[in-house]
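Just so we're clear, the structure is a prediction, and the values are computed from it rather than from any experiment.
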Amino acid sequence: MQKGEGVNLYLQRLQDTRDQLTVVGSTPQPTAMVRIALNGVLDEWQAFVQSILGREKLTSWEEMWAALQQEELRRDPMKVNLNGNSGSGTKTKEEEENAALAS
């Protein structure tokens, strides 16, 4: 994850890489993808990552994605825009509704 990069963009890059590996016959296991994603987040996310890794059963890719999105919204709901980047972009009505539902 790069500084200033939103969760959606980061995870989409990983998913695209997984899809490319699948095309050449080397599909990573779902648990490996979750661990790769969690290992790649910024240092400031480490307490949150440890809360996920500390669970009795490792979360699925989809559950992890949703948890990271919610954490990103919790940290700063005004910084998240449609393309997953952090920044001060304007939000669509749908994004505002999603942020309200996530809170």
Side-chain angles (χ1 to χ4, degrees):
M1 184 177 210
Q2 300 170 358
K3 187 113 175 116
E5 181 178 34
V7 166
N8 286 332
L9 186 58
Y10 167 63
L11 294 175
Q12 187 61 53
R13 282 192 307 112
L14 290 176
Q15 190 165 301
D16 291 346
T17 302
R18 180 196 64 198
D19 293 345
Q20 291 171 0
L21 287 169
T22 299
V23 169
V24 297
S26 179
T27 305
Q29 294 295 318
T31 55
M33 287 299 299
V34 170
R35 291 187 185 282
I36 289 167
L38 293 174
N39 285 334
V41 298
L42 299 172
D43 288 342
E44 61 201 43
W45 287 73
Q46 288 310 306
F48 180 75
V49 167
Q50 292 306 313
S51 73
I52 291 177
L53 292 174
R55 296 177 184 174
E56 188 173 319
K57 181 181 175 195
L58 187 61
T59 185
S60 71
W61 176 260
E62 292 80 12
E63 292 168 334
M64 180 212 53
W65 193 314
L68 287 170
Q69 285 176 319
Q70 287 182 346
E71 177 65 10
E72 183 175 54
L73 284 172
R74 186 194 67 76
R75 288 172 182 241
D76 193 349
M78 300 309 292
K79 289 178 78 174
V80 180
N81 61 31
L82 184 60
N83 64 8
N85 292 323
S86 297
S88 58
T90 58
K91 288 187 171 191
T92 66
K93 183 167 180 63
E94 182 181 0
E95 290 175 293
E96 291 174 358
E97 290 171 357
N98 288 342
L101 288 172
S103 295

Considering residues at least two apart in sequence or located in another chain, which fulfil the side chain to side chain donor-acceptor pair (under 3.5 Å) criterion with S60?
E63
Who pairs with Q12 by side chain to side chain donor-acceptor pair (under 3.5 Å), at least two apart in sequence or on another chain?
D16
Side-chain atoms of residues 19-37: list all donor-acceptor pairs with protein atoms under 3.5 Å, sequence neighbours left out, distances to 0.1 Å.
| from | atom 1 | to | atom 2 | distance (Å) |
| --- | --- | --- | --- | --- |
| T22 | OG1 | R18 | O | 3.0 |
| T22 | OG1 | T27 | OG1 | 3.2 |

One should read off an interatomic distance between L38 CG and L68 CG, to the nearest 0.5 angstrom, of 6.0 Å
Indicate every side-chain donor-acceptor pair of residues 41-58 with a distance under 3.5 Å to a residue at least two apart or in another chain.
| from | atom 1 | to | atom 2 | distance (Å) |
| --- | --- | --- | --- | --- |
| S51 | OG | F48 | O | 2.5 |

Sequence neighbours excluded - ring pair (Phe, Tyr, Trp, His ring centres under 6.0 Å) pairs with any residue from residues 50-77:
W61-W65
Quick one: do V7 and M1 satisfy side chain to side chain contact (heavy atoms under 4.5 Å, CB included)? Show the steps, please.
CA-CA 8 Å; V7 166; M1 184 177 210; 4.0 Å; yes
Charged N-O contact under 4.0 Å between E72 and R75:
no
Side chain to side chain contact (heavy atoms under 4.5 Å, CB included) between M64 and L11: does it pass, once the steps are laid out?
CA-CA 10 Å; M64 180 212 53; L11 294 175; 3.9 Å; yes
